[in-house]
Visitor: 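First, the structure itself, so that you have it in front of you.
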Number of protein chains: 2
Amino acid sequence: MGVKSNLAEEREQAEPPLLDSLIGYRLRRASNRMTSDFLVTVSPLALRPALFAMLEGIRTTPGIIQMALGTELGIQRANLVPLINELTGRGLVARRAAPNDRRALSLFLTAKGEELLDRAEKMVLEHEERTLAKLSKTERAKLLELLSKVATDVDA
Amino acid sequence: MGVKSNLAEEREQAEPPLLDSLIGYRLRRASNRMTSDFLVTVSPLALRPALFAMLEGIRTTPGIIQMALGTELGIQRANLVPLINELTGRGLVARRAAPNDRRALSLFLTAKGEELLDRAEKMVLEHEERTLAKLSKTERAKLLELLSKVATDVDA
DNA sequence: TATTGTTATACTCTATAACTATA
DNA sequence: TATAGTTATAGAGTATAACAATA
């Protein structure tokens, strides 16, 4: 209970900004920064993050139906439609009727889509390398692991 | 070079999805999930992430001018204007002419703004607790540390 | 009844250019 | 000439409701 100097009082009053301790906030800032760099990096191919993710999802599971792709990527099926239209319109993706369910549409990469995605992947890996230069391999693995624990319910 | 079983071949072909190893992608998914939960949690106060961050920024530095607040939060000054209008229109923030620069406007929380922010902070902390339940204290601290290394240039 | 794809619509945040008034 | 605030506008992603065709 001693007398305090002005400096000590100031130090007591100035609590550390709450924002800096909020993971949600820091997550948003980091994500925005990477998205911004992604857009610039991949702009020569006219691919945005959502389009790139969709191409990757189709490559991983050729013939996947729209509904399943949406679930996999966390994109509502209503929002998926115009994106797929964009990809088919550019000749990167083909829609075919699903064999067992006449409601569903299967998605495939065209040869052109495969080629573009190959080029995109190289750009994206460079983009990650550049934006994550401050992180070691171990730190990157740790970050991926921690991020996967954030998205709890559907993701895993 | 031995003969391979079909299973082994399949295992070789099925590479792990590239998306799962991309920090940018995982960051976006995790951020979206937390933003979504934030919106639901704080909706009783009609605060969105950007508005909450601005109130926090003003609380941390009372009298901060708009330009500085934008830089601090990574929000372009053009986008800041309608957000501040919203806050002043609701009586949460007051704009006053800055003493030394007649171009600049200083920002302060009103009593109503202080009260609302107090309530918002409690909600946000509960929101973080709920969405990050899978992470230990140590893991949360590590995640914050790693995230701060992603936003390189301006942030630090 | 439930599900798949679709359309329409609104909201949140971000980005750029150009203008004004001050500095 | 540079900066602070402002206006206008566009883009990217997300959310909800409702409908037709099919299961």
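Just so we're clear, the structure is a prediction, and the values are computed from it rather than from any experiment.
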Visitor: Which nucleotide, C:dT4, D:dG5, D:dT16, lies nearest any side-chain atom of B:V81?
Guide: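 Given the options C:dT4, D:dG5, D:dT16, the side chain of B:V81 is closest to D:dG5.
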Visitor: Whole angstrom is fine here: how far is it from CG in B:L51 over to P in C:dT14?
Guide: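 The distance from CG of B:L51 to P of C:dT14 comes to 11 Å, rounded to the nearest Å.
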Visitor: Within the 4.0 Å heavy-atom criterion, would you say A:P49 contacts the bases, only the backbone, or no part of the nucleic acid?
Guide: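 Sugar-phosphate, backbone atoms only, no base.
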Visitor: Nearest to the side chain of B:S36, heavy atoms from C-beta on, is which of D:dA15, C:dA23, C:dG5?
Guide: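 From the listed options, D:dA15 comes nearest.
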Visitor: D:dG13 P sits how many Å from B:L39 CG, rounded?
Guide: 18 Å
Visitor: So what does A:A98 hit on the nucleic acid, given a heavy-atom distance under 4.0 Å: a base, only sugar-phosphate, or nothing?
Guide: nothing
Visitor: Under 3.5 Å, side chain of A:S21 to main-chain N/O of A:L18, donor-acceptor pair present?
Guide: yes
Visitor: Thinking salt bridges, do B:K142 and A:E145 make one under a 4.0 Å N-O criterion?
Guide: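 Salt bridge: no.
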Visitor: Starting at CG of B:L83 and ending at P of C:dT12, how long is that distance when rounded to a whole Å?
Guide: 10 Å
Visitor: Classify the side chain of A:R103 and the base of C:dT3 as holding, or not holding, a donor-acceptor pair under 3.5 Å.
Guide: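 Per atom types, the contact qualifies.
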Visitor: What's the verdict on side-chain contact (heavy atoms from CB on, under 4.5 Å) for A:E86 and A:R48, showing C-alpha distance, side-chain angles and the deciding distance?
Guide: CA-CA 11 Å; A:E86 195 176 339; A:R48 312 185 297 275; 2.9 Å; yes
Visitor: Does the C:dA15 base have a donor-acceptor partner in the side chain of B:N79 within less than 3.5 Å?
Guide: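 For B:N79, whose side chain was compared with the base of C:dA15, there is a donor-acceptor pair (under 3.5 Å).
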Visitor: Report yes if a donor N or O on one partner sits less than 3.5 Å from an acceptor N or O on the other, where the partners are the side chain of B:R77 and the base of D:dG5; otherwise report no.
Guide: yes
Visitor: Mark yes or no for whether A:E128, through its side chain, and B:I23, through its backbone, hold a donor-acceptor pair below 3.5 Å.
Guide: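 Yes, the answer is positive, given that a donor and an acceptor are paired below the 3.5 Å cut-off.
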Visitor: Figure out the CZ/P separation between A:R33 and C:dA15, and round it to whole Å.
Guide: 10 Å
Visitor: Could you please name the option among C:dG5, C:dT16, D:dT14 that lies closest to any side-chain atom of A:Q66?
Guide: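 Looking only at side-chain atoms, A:Q66 lies closest to C:dG5.
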Visitor: Counting just side-chain N and O atoms, does B:N32 come under 4.0 Å of either OP1 or OP2 of D:dT14?
Guide: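 The answer is yes; a side-chain N or O of B:N32 sits under 4.0 Å from OP1 or OP2.
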Visitor: What integer distance in Å separates B:N100:CG from D:dA4:P?
Guide: 14 Å
Visitor: 5'-most contact on DNA chain C: B:R102 or A:I84, nearest heavy atom basis?
Guide: A:I84
Visitor: Specify the separation, in whole Å, of atom CE of A:M54 and atom C1' of C:dG5.
Guide: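 Nearest whole value for this atom pair: 13 Å.
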Visitor: Whether A:R95 contacts C:dT6 is assessed here as follows: a side-chain N or O lying under 4.0 Å from the phosphate OP1 or OP2. Is that the case?
Guide: yes
Visitor: With distance as the sole test, does A:S43 use its side chain to make a donor-acceptor pair with the main-chain N or O of A:V40 at under 3.5 Å?
Guide: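 Yes, the answer is positive, given that a donor and an acceptor are paired below the 3.5 Å cut-off.
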Visitor: Which one, C:dT6, C:dT16, D:dT14, comes nearest to the side chain of B:R28?
Guide: D:dT14
Visitor: Between B:L80 (CG) and D:dA4 (P), how many Å, whole number?
Guide: 12 Å
Visitor: To the side chain of A:I65, which of C:dC13, C:dT4, C:dT16 is closest?
Guide: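 Among the listed nucleotides, the one closest to the side chain of A:I65 is C:dT4.
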Visitor: Go through B:R59 and B:D118 one step at a time and tell me if the salt bridge (charged side-chain N to carboxylate O under 4.0 Å, His left out) criterion holds.
Guide: CA-CA 11 Å; B:R59 167 170 281 179; B:D118 284 339; 3.0 Å; yes
Visitor: Can you measure B:I75 atom CD1 to C:dA15 atom P for me and round it to whole angstrom units?
Guide: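 Those two atoms, CD1 and P, are 10 Å apart.
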Visitor: Compare the minimum distances between each of D:dT6, C:dT22, C:dT7 and the side chain of A:A78, then state the nucleotide with the smallest one.
Guide: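 Nearest listed nucleotide: C:dT7.
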Visitor: Let's see if you can work this out: which of C:dG5, C:dC13, D:dG5 has an atom nearest to the side-chain heavy atoms of B:R48?
Guide: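 Nearest to the side-chain atoms of B:R48, counting from C-beta on, is C:dC13.
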Visitor: Of A:Q76 and B:L105, whose nearest nucleotide on DNA chain D comes first from the 5' end?
Guide: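 Of the two residues, B:L105 wins.
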